[in-house]
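Note sheet for the following structure.
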Amino acid sequence: MTTGLEKSFVSADEAAARIGDGRTIAIGGSGSGHCIPDILLEALGRRFKATGHPNHLTLVHAFGVGDQKSRGLQHLAQPGLFRRVIGGHWSMAPRMSKLAAANEFEAYNVPAGVVVQLFHAAAAGSPGWMTEVGLGTFIDPRLEGGKLNAAAREDIVELIERNGREYLFYPAIPIDVALIQGSTADEHGNIGMNREAGFWHNCAMAQAARTAGGITIAVVKERVAVGGIHARDVRVPGCFVDFVVVDPQAGQTFQTHFEPAYSGDSRKPDSEFGDFPLDARKVIARRAALELAPGTVLNVGFGVPDGVMKVAREQGIASTLVPTIEHGQFGGIPAEGLDFGATYNSEAILETGHMFDFYQGRGVDQAYLGFLEIDREGNVNVSKLADTIIGTGGFIDIAQKARKVVFCGTLAVRARTELANGSVRFVKHGKPKFTETVNQVTFSGRYARTHGQEVLYVTEAAVFRLTGQGVRLEEVAPGIDIERDLMPQLGFRPSMADPMGVMAAELFCEDALPRRLFRFYG
């Protein structure tokens, strides 16, 4: 006997056939396989290639979706499939970025946290989301309005004023089809996510689709009987789900089938974390880590900045800190490389909407983030490299509201250095990352000054600070001559601290750092 609550369990191809022309679809998950319903994306791309349908879709996604090779949005990088794409991050699917650059569809970038909030707004039937996030950056309609190509002519963000303060208003986007992934589904369509590295924004997406009279298609690894999922583990109630596809081969990420320390099912011992070899990257992470303080709630970004927590672990102070990443995790050690978005040994995991509430509400004490370019006004670009579209991800949500921001990266592109005897020497100069004008404003120096943010820019050879007059050089590494080594690799001449500070020689040596260097721990 059926109860009327049973859901349709279908194949990926049958599910893809449910998507009609001109629909607005939203894809959940993030990065290289975190809760990305890849089997659905592959089926959708296969159907379009064979039939030309569906076509002229609008696509919305909060984070990057792909492995930079063949998965995720790479399946869907086909001219004619999309009319418009609104993405939080683009670099995980290079073919989609190339189509955008070629004006094959209208391409927009909206901060990842704002996209997540727009799913919540659509779910609630709200007209949109009002926030300061994006002011002064390329998202601001006074700059680029988040438009990534000439085909993007419509304004999707508005500048408004309320009680004498400026805000950006992002209109809600009705969702016709939500594509999500979880761990398990019961026969009523309840979706459990207890074996995932995070919960992401699946429920808000499914609710948004229901509000708009659309459908939600969920991919899961396992089908179970009703009652087979603990009620507390259900992250998307079955009444929001229409079709379920079972894919036993789906992993936690595209690279990792299952790492129990990602989902909180075990703890990875400290002894199993690899060593952090001494190189320019470690020097940068060490100097940045000197800014840490007990009890600090911080965000750690992808790449060079994730070394800050490695240094904290080596120095025995990691347990005094509360690291977070935008995907919802508190505590632990962020995973590296394409598994970024997961955390080993998390103490808590929230849905991304709750995490972005925290970030956008100025909950983070310190943010450690990377950079591509920095200009004399303190503006930072991480979202565009020459003609390559990268996107902002959660960078703007985090950087704009953190009380203190420490940007971490090498001084120049393809420079070569040698570390010896507590000093650094440039073997080869590189192309400047510090430029007169950044290619795109992803972090606004003016906004930071106006709102009292403390901002540092840490490299292997020097440390700079944002002041009321712009970027100031505050410290140089032992062995570095300002005129000989720095100026040829800077696109502008910064103001100079007087007296000029010197980076501690111990930063450039193999031994652990003396406690006295950590001003809050010494």
Side-chain angles (χ1 to χ4, degrees), residues 26-31 34-35 60-65 86-89 108-124 126 128-135 137 139 146 156-157 167-173 175 178 180 193 196-208 235-236 297-302 322-331 334 340-343 346 348-369 382-383 391-403 405 442-443 447 451 453:
I27 298 173
S30 76
H34 292 290
C35 288
V60 185
H61 59 93
F63 295 102
V65 181
I86 302 170
H89 203 268
Y108 296 86
N109 188 195
V110 172
V114 173
V115 176
V116 172
Q117 301 290 17
L118 288 178
F119 290 142
H120 285 271
S126 167
W129 180 254
M130 184 177 74
T131 177
E132 291 186 15
V133 173
L135 283 172
T137 74
I139 306 297
I156 65 167
V157 56
Y167 296 91
L168 295 181
F169 177 73
Y170 299 84
I173 305 168
I175 302 301
I180 65 175
M193 299 182 65
E196 306 305 325
F199 303 130
W200 279 265
H201 35 284
N202 283 354
C203 191
M205 289 170 54
Q207 288 176 293
R235 293 290 165 172
V236 185
V297 179
L298 56 139
N299 172 272
V300 180
F302 177 77
V322 185
T324 70
I325 60 175
E326 60 265 39
H327 308 84
Q329 296 88 339
F330 283 78
F340 184 78
T343 295
S346 296
I349 303 175
L350 302 182
E351 292 186 8
T352 50
H354 296 306
M355 184 61 88
F356 280 113
D357 286 342
F358 179 61
Y359 288 159
Q360 293 167 352
R362 208 163 195 184
V364 171
D365 299 313
Q366 298 180 358
Y368 291 81
L369 302 167
V382 301
S383 51
T392 172
F395 181 96
I396 294 177
D397 306 273
I398 298 160
Q400 197 160 15
K401 290 294 188 173
R403 291 174 172 84
V405 188
T442 334
F443 175 82
Y447 182 94
H451 289 77
Q453 286 180 290

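Side chains are part of it too, since the values below use all heavy atoms of this structure and drop only hydrogens, waters and symmetry mates. Being a predicted model, the structure only gives us computed values, none of them experimental.
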How far apart are the closest heavy atoms of [X] and [Y], and which atoms are they?
X: V405; Y: A399; value: CG2-O, 3.6 Å
X: A197; Y: A342; value: CB-CB, 3.7 Å
X: H327; Y: S30; value: CD2-OG, 3.3 Å
X: G134; Y: Y170; value: CA-OH, 4.0 Å
X: D397; Y: A112; value: OD2-N, 3.6 Å
X: S383; Y: T442; value: OG-OG1, 2.9 Å

Ring center gap for H34 and F63 short of 6.0 angstrom |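 No.
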Please name all residues satisfying side chain to side chain donor-acceptor pair (under 3.5 Å) with Q453, sequence neighbours left out, ordered by chain then number.
->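 Once residues adjacent in sequence are excluded, Q453 has no partner under the side chain to side chain donor-acceptor pair (under 3.5 Å) criterion.
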List for me each residue that meets side chain to side chain donor-acceptor pair (under 3.5 Å) alongside H201, sequence neighbours excluded, and say none if there are none.
->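 Checked H201 against side chain to side chain donor-acceptor pair (under 3.5 Å); matches are T352.
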Under 3.5 Å, side chain of N109 to main-chain N/O of G87, donor-acceptor pair present?
->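 Looks like yes, one N/O pair under 3.5 Å.
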Check the pair Q400, Y359 against side-chain contact (heavy atoms from CB on, under 4.5 Å), reporting the backbone distance first and the verdict last.
-> CA-CA 9 Å; Q400 197 160 15; Y359 288 159; over 6 Å; no
Check against side-chain contact (heavy atoms from CB on, under 4.5 Å), V133 and L168 = CA-CA 7 Å; V133 173; L168 295 181; over 6 Å; no
From CA spacing to verdict: side-chain hydrogen bond (donor to acceptor under 3.5 Å, both in side chains), N202, E351 | CA-CA 9 Å; N202 283 354; E351 292 186 8; over 6 Å; no
Worked check of side-chain contact (heavy atoms from CB on, under 4.5 Å) between V60 and F119 | CA-CA 10 Å; V60 185; F119 290 142; 4.0 Å; yes
